[in-house]
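If you're wondering where the values come from, they're calculated on a predicted model, not measured in any experiment.
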Amino acid sequence: MPWRSRINWEGGSKSRDGRSRSMAASLSWRGILYAGGLSATAGYVDAVAYIHLGGYFVSFMSGNTTRASSDVVHGSLVGAGLALGLVAFFVLGVVTSTLAFRRSEIFRLPLVLALASLLLAVGALIPALGAEPAVPPLLAMAMGVVNTSYTKNGEVSIGLTYMTGTLVKIGQNFAAALTGGSHARWLKYLSRWTMISLGALVGATAYQNLGLPSLWVAAIALAVWAVLAVVPTRRNRIGAGAEPAPGR
């Protein structure tokens, strides 16, 4: 099978009248489920970290920014430092993934997910080695890496953990559906919010029962998703078309 027929995991698409459409809205339902699975995994990891750290996030950087400001006002410079440190490591994950795989085309997505899986696996392993303080930076880096999964022209086309924007799109597309538009678009966005919510619920439950070793579940999930990303069959195609990756 020609390489151009491989799964299209990246980029957006255009409607018949030539106008650009959101990448998420242009995905098939199979593609939505795949992206939703990544969001669910991110929600799982964020819930584990949130409970473990007592109210700090590894994928929700707006929350950490607010938390840092609150900590400063309440005189907790250590807490503010933790929140901002997580923001810094999240950005570092984005930078690392972007630089490491900027020349990769066909296998960029599986490589991104493999790196994120490796970081999570290390995070699950090192507490047993007495290096538990290194876990939060590793998790934040992993979530930064995951958020580079879908890119077009060097920029993120689907933010896997940016649920505020997703909720706005649910509202906008639901309003459009009430005036005669398609219901499919808002349902696709709703499914992504539902997936990250379910992932967070499972993650919180897993942490309560297993502690940090629960991170192995997320590491394995991303490894499986990385393998699925290289399945070269049209039957398993996930995405909105068969366009080559940006730069081809």
Side-chain angles (χ1 to χ4, degrees), residues 1-13 22-46 59 93-94 96-98 100-124 139 141-152 156-162 166 187-189 191-200 202-203 206 214-246 248:
M1 180 180 296
W3 286 114
R4 283 178 174 269
S5 297
R6 281 187 176 272
I7 299 169
N8 176 39
W9 306 93
E10 303 182 46
S13 66
S22 164
M23 171 62 178
S26 68
L27 287 176
S28 66
W29 276 106
R30 184 170 293 177
I32 287 292
L33 289 176
Y34 185 92
L38 293 177
S39 292
T41 304
Y44 179 102
V45 174
D46 211 23
S59 72
V94 174
T96 300
S97 178
T98 301
F101 308 124
R102 69 188 187 282
R103 298 189 183 281
S104 299
E105 298 177 355
I106 297 168
F107 292 108
R108 193 194 65 79
L109 178 60
L111 288 172
V112 167
L113 297 181
L115 175 58
S117 176
L118 176 62
L119 290 169
L120 291 178
V122 174
L139 300 188
M141 280 191 68
M143 294 300 95
V145 171
V146 164
N147 272 285
T148 67
S149 295
Y150 290 85
T151 64
K152 184 176 179 61
V156 172
S157 54
I158 294 182
L160 295 173
T161 62
Y162 308 157
T166 298
L187 287 172
K188 286 181 177 181
Y189 288 113
S191 68
R192 290 187 54 229
W193 176 82
T194 302
M195 291 290 279
I196 198 170
S197 300
L198 291 175
V202 174
S214 60
L215 292 170
W216 283 113
V217 175
I220 293 170
L222 288 186
V224 171
W225 251 234
V227 172
L228 290 176
V230 297
V231 175
T233 61
R234 290 180 182 275
R235 182 178 176 183
N236 291 323
R237 197 178 98 199
I238 300 175
E243 300 171 14
R248 275 185 74 87

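Closest of all the heavy-atom pairs between M143 and N147 is O-ND2, 2.9 Å. Shown here for L120 and A219, the closest heavy-atom pair between the two residues is CB-CB, 3.9 Å. L33 approaches W225 most closely through the heavy-atom pair O-CZ2, 4.4 Å. The shortest heavy-atom contact between V230 and P110 is CG1-CG, 3.3 Å. Nearest heavy-atom pair, A218 versus V45, reported as atom, atom and distance to 0.1 Å: CB-CG2, 3.5 Å. Pairing each heavy atom of T148 with each of R108, the nearest pair is O-NH1, 2.9 Å.
In this structure a side-chain-to-backbone donor-acceptor pair under 3.5 Å is present from T41 to G37. Judged by distance alone, the side chain of S191 and the main-chain N or O of K188 form a donor-acceptor pair under 3.5 Å. For Y44 (side chain) and S214 (main-chain N/O), a donor-acceptor pair under 3.5 Å exists by modelled atom type.
Here the CG-OG distance, from L113 to S149, works out to 4.5 Å after rounding to the nearest 0.5 Å.
The side chain to side chain donor-acceptor pair (under 3.5 Å) check on T166 picks up R192, with sequence neighbours excluded. The side chain to side chain donor-acceptor pair (under 3.5 Å) test applied to S117 returns no partner, not counting sequence neighbours.
By the 6.0 Å contact criterion, CH2 on W193 is open, its count of non-hydrogen atoms from other residues, nucleotides or ligands being 12 or less.
In this structure the side chain of L215 reaches within 4.5 angstrom of the side chain of L139, judged on heavy atoms. Annotation: side chain of L109 is in contact with side chain of Y34 (closest heavy-atom distance under 4.5 Å). For the pair V112 and V146, the minimum side-chain heavy-atom distance is 4.5 Å or more.
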